[in-house]
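What follows is one structure encoded as structure tokens, with my remarks underneath.
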Amino acid sequence: QVQAVESGGGLVQAGGSLRLSCTASGLTFDDYAMAWFRQAPGKEREGVSCISWSGGSTYYADSVKGRFTISRDNAKNTLYLQMNSLKPEDTAMYYCAAGGYDNEDPGLDPDAYNYWGQGTQVTVSS
């Protein structure tokens with residue numbers, strides 16, 4: 001059974017930082033590209049960032065480019081999202097996902113991802 005467990009969310013003031021983690025089990029972690037998505041109340045799920053199986057290729061949504069950094073440690077089966085210069089509009093539930101269209105160029109279409117975590121809440125106050 002595949003499990004992905006996110007952690008690291010919380011309440012932070014605008015301009016602050018958080019580091020999210022996602023630890024996966026029940027799958028061969030380095031067989032999968034990974035991604036972070038987020039969903040705010042009343043809004044559609046939005047792709048934030050994705051990373052290839054090796055970590056050599058990354059992609060960011062324009063809304064987070066230059067502020068967020070995705071990385072992975074395949075030895076620890078863990079995906080990370082370092083979030084700096086947080087804004088109130090970053091407030092959302094953040095989810096990690098495994099899969100994507102291609103291990104090297106996975107994209108941010110949520111329908112392409114097979115396995116999802118339960119989410120961790122990020123709240124940024126102004």
Side-chain angles (χ1 to χ4, degrees):
Q1 182 181 354
V2 176
Q3 282 193 315
V5 180
E6 301 96 336
S7 61
L11 174 64
V12 64
Q13 287 190 329
S17 298
L18 285 173
R19 189 193 196 202
L20 305 185
S21 299
C22 167
T23 301
S25 59
L27 78 170
T28 304
F29 188 71
D30 56 8
D31 277 353
Y32 289 87
M34 299 291 295
W36 288 98
F37 292 83
R38 67 186 181 186
Q39 189 166 20
K43 295 189 176 181
E44 291 188 356
R45 188 165 294 193
E46 172 191 18
V48 174
S49 180
C50 58
I51 187 167
S52 63
W53 71 273
S54 65
S57 176
T58 59
Y59 177 83
Y60 298 91
D62 288 343
S63 57
V64 306
K65 201 172 294 182
R67 300 187 298 122
F68 290 10
T69 302
I70 192 170
S71 62
R72 64 190 294 163
D73 185 338
N74 286 347
K76 295 182 178 179
N77 284 11
T78 301
L79 174 74
Y80 302 99
L81 186 68
Q82 178 66 44
M83 305 187 295
N84 298 329
S85 302
L86 282 161
K87 304 175 181 180
E89 51 262 44
D90 294 318
T91 295
M93 186 73 78
Y94 282 71
Y95 300 88
C96 68
Y101 284 121
D102 182 271
N103 280 354
E104 286 291 343
D105 185 19
L108 285 175
D109 180 354
D111 290 338
Y113 286 82
N114 309 99
Y115 305 109
W116 292 79
Q118 83 291 345
T120 186
Q121 178 68 39
V122 171
T123 302
V124 184
S125 63
S126 56

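All figures in this text were calculated on a predicted structure; none of them were measured in a lab.
Using cut-offs of 30° and 60° for the angle between ring planes, the Phe37 and Tyr113 rings count as perpendicular.
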Note to self: Run Lys87 and Asp90 through salt bridge (charged side-chain N to carboxylate O under 4.0 Å, His left out) and show every step you take.
What the structure shows: CA-CA 5 Å; Lys87 304 175 181 180; Asp90 294 318; over 6 Å; no
- Query: Step by step, would you call Arg45 with Trp116 a side chain to side chain contact (heavy atoms under 4.5 Å, CB included)?
  - Reply: CA-CA 13 Å; Arg45 188 165 294 193; Trp116 292 79; 3.1 Å; yes
| request: Go through the steps to decide whether Trp36 and Phe68 satisfy the test side chain to side chain contact (heavy atoms under 4.5 Å, CB included), and finish with yes or no. | output: CA-CA 11 Å; Trp36 288 98; Phe68 290 10; over 6 Å; no
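The side-chain contact (heavy atoms from CB on, under 4.5 Å) test with Phe29 singles out one residue from Asp73, Asn77, Thr23, and that residue is Asn77. With Val122 as the fixed residue, the side-chain contact (heavy atoms from CB on, under 4.5 Å) test singles out one of Leu18, Thr91, Leu11: Leu18. In summary, of the residues considered (Leu108, Ile51, Thr69, Val48), a side-chain contact (heavy atoms from CB on, under 4.5 Å) with Tyr60 occurs for Thr69 alone.
Cluster annotation: Tyr59 and Leu79 are assigned to distinct hydrophobic clusters (Ile/Leu/Val/Met/Phe/Trp/Tyr, side-chain heavy-atom contacts under 4.5 Å, transitive). Connection of Tyr94 to Val124 is established within a shared hydrophobic cluster, with ILVMFWY side chains joined at heavy-atom distances below 4.5 Å, either directly or through further cluster members. Transitive grouping of hydrophobic side chains (ILVMFWY, heavy atoms separated by less than 4.5 Å) brings Leu86 and Ile70 into a common cluster.
Residue Lys65 qualifies as enclosed at atom NZ: its count of foreign heavy atoms under 6.0 Å is above 12.
Nearest approach of Ala92 to Ala40, heavy atoms of both residues: CB-N, 3.9 Å. Minimum interatomic distance between Ala98 and Met34 (heavy atoms only, all atoms of both residues): CB-SD, 3.4 Å. Summarising the geometry of Gly99 relative to Pro106, their closest heavy-atom pair is O-CB, 4.3 Å, with the distance given to 0.1 Å.
Under the disulfide bond (SG atoms under 2.5 Å apart) criterion, Cys22 pairs with Cys96, sequence neighbours left out. In this view, Glu46 and Arg38 satisfy the salt bridge (charged side-chain N to carboxylate O under 4.0 Å, His left out) rule, not counting sequence neighbours.
A distance of 10.0 Å separates CG in Leu81 from CZ in Arg19, rounded to the nearest 0.5 Å. Distance check, rounded to the nearest 0.5 Å: CD of Gln13 to OG1 of Thr123 gives 13.0 Å. Taken from CZ in Arg72 to OG1 in Thr58, the straight-line distance is 12.0 Å, to the nearest 0.5 Å. To the nearest 0.5 Å, atom CE of residue Met83 and atom CZ of residue Arg67 are 9.5 Å apart.
For residues 95-104, every residue pair satisfying the side chain to side chain donor-acceptor pair (under 3.5 Å) rule, not counting sequence neighbours, is listed here: Trp53-Glu104, Tyr101-Asp109.
Without hydrogens or angle criteria, Gln118 side chain to Val5 main chain gives no donor-acceptor distance under 3.5 Å.
No hydrogens or angles considered: a donor-acceptor pair under 3.5 Å links the side chains of Ser17 and Asn84.
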